[in-house]
There are 2 protein chains.
Amino acid sequence: MDEELDPAVERMLDRIRASRGRVTHVRKVLVQALVSAEGHETADSLVGIVQASVPSANRSTIYRNLDELEQMGLVVHAHLGHGPASYHLAPAAHTHLVCRSCRTEIEMPREWFAELAERAWSRYHFRVEPFHFAVLGRCESCASSPVKSDQLSSDPSRAVRIQGTSEAP
Amino acid sequence: MDEELDPAVERMLDRIRASRGRVTHVRKVLVQALVSAEGHETADSLVGIVQASVPSANRSTIYRNLDELEQMGLVVHAHLGHGPASYHLAPAAHTHLVCRSCRTEIEMPREWFAELAERAWSRYHFRVEPFHFAVLGRCESCASSPVKSDQLSSDPSRAVRIQGTSEAP
DNA sequence: GTTCTTGCAAAAGCTTTGCAGGAAG
DNA sequence: CTTCCTGCAAAGCTTTTGCAAGAAC
């Protein structure tokens, strides 16, 4: 995994260079990992992925790089529960509905926040950016069953992901 | 602060007794603290408040009690940023708009979530419970200024609180 | 007396920081 | 050669846990 030349990766590396950042080995692999990540990786899973290519890579380096990528606007992190944060590419930013019991994640169309955002703007001149936190609740199957305690603190890898379709009736 | 007999406190103590819980000294003081809390206390600030009356009270006891009160549905916690969680009485549950730069908190009318909740229900049969996480964004003054890094991880006591009025045009 | 709570101490989980050596440009 | 990045080690902060002594009923 070195000369893959994924165009999305190249674009991000260019943005790094444009910010006077250096294109290091770790950074290349991390960016590649973010680009090819299907879902929402935690810092920890990214450490694992990067270390598969660069065994010496250190957790703190990953955290520092994620911070920088986020400050450059390339990456965004979100809190989907009580556990670690999830990182994904900024262009893929979307809001999540997360079930408090079974931790199913549903990607919600961003338009659904439009009305709320409009009101927040007209009443408070507050610009809503609804990507950082999930919207919690209960999914169909868990809503009917008796209230169990929240599962949000446990292993993120157990989460089920549901892809949201775009707007519809 | 012992025989204040605040009726709201009495009601909560009754609910504790109803759940076969014991009304201990620490619990009484904690419940009183939650009832008379103006804003959104963190576990840490609650420890401080309780220790003012019961100096020997331990952090872990406060955490355990907050957990129990939450499981009984009397208390709710919310994540308003990267720092510690905020606790408040369940009846006062409301959604927060939190500015990413200056951490101003705005209490948002719960009705504003109605449309989104309705859509989540009809599309996914997902029951939205929008109290757990804040809705992030930028307040008027910070929206205009150049993007500074997020302040959400710093001292919660610096937060400014704005009381939301109920629904309006 | 029995069961539930507490204090204490320790640890867990996620993330951040200081520093000196090493790589990128 | 200068500046930025990295690994290492340590600590930070919030929260959780095990256990034996103590309080509530």
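The structure displayed is predicted, hence computed values, not measured ones. Below, chain A is the first sequence line, B the second, and so on; all start at residue 1.
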Between B:Asp67 and B:Val23, the residue closer to the 5' end of DNA chain D by nearest nucleotide is B:Asp67

Of the candidates D:dC4, D:dA24, D:dG7, the side chain of A:Val26 sits closest to D:dG7

Between B:Ser56 and C:dG7, is there a side-chain N or O to OP1/OP2 distance below 4.0 Å? yes

Per nearest nucleotide of DNA chain D, the residue lying toward the 5' end, B:Arg17 or B:Asn58, is B:Asn58

Checklist entry - Would you say the side-chain atoms of A:Ser60 and A:Asn58 include a donor-acceptor pair closer than 3.5 Å? => result yes

Rounded to whole Å, the CD-P distance (B:Gln71 to D:dT16) equals 11 Å

Assert: residue with more 5' nearest nucleotide on DNA chain C, out of B:Arg22 and B:Ser60, is B:Arg22

Rounded to whole Å, the CD1-P distance (A:Ile62 to D:dC8) equals 13 Å

Legend entry - Base C:dG7 paired with B:Arg64 side chain (donor-acceptor, <3.5 Å): yes

B:Ile16 atom CD1 is separated from C:dC4 atom C1', nearest whole Å, by 13 Å

Flag the pair A:Glu10 and A:Lys28 as a salt bridge only when some basic side-chain nitrogen lies within less than 4.0 angstrom of an acidic carboxylate oxygen. no

From CG of A:Asp44 across to P of C:dG13 the rounded distance in Å is 11 Å

- Query: Centroid-to-centroid, A:His82 to B:His79, below 6.0 Å?
  - Reply: yes

Rounded to whole Å, the CG-P distance (B:Asn65 to D:dA23) equals 16 Å

B:Arg27 CZ to C:dG7 P, in whole Å, measures 11 Å

request  = Return yes if a side-chain donor-acceptor contact under 3.5 Å exists between B:His88 and B:Glu41, otherwise no.
outcome  = no

Considering only heavy side-chain atoms of A:Ala57, the closest of D:dG7, C:dT6, D:dT6 is D:dG7

- Within the structure shown, what part of the strands sits under 4.0 Å from B:Arg59 by heavy-atom distance: base, sugar-phosphate, or nothing? base

Taken to the nearest whole Å, NZ/A:Lys28 to C1'/D:dT6 is 16 Å

Atom CD of A:Glu68 and atom C1' of C:dT17 are separated, to the nearest Å, by 14 Å

(Q) Within the 3.5 Å criterion, strictly below it, is a donor on B:Glu107 or B:His96 matched to an acceptor on the partner's side chain? (A) no

Among the nucleotides C:dA23, C:dT15, D:dT6, whichever has the atom closest to the side chain of A:Tyr63 is C:dT15

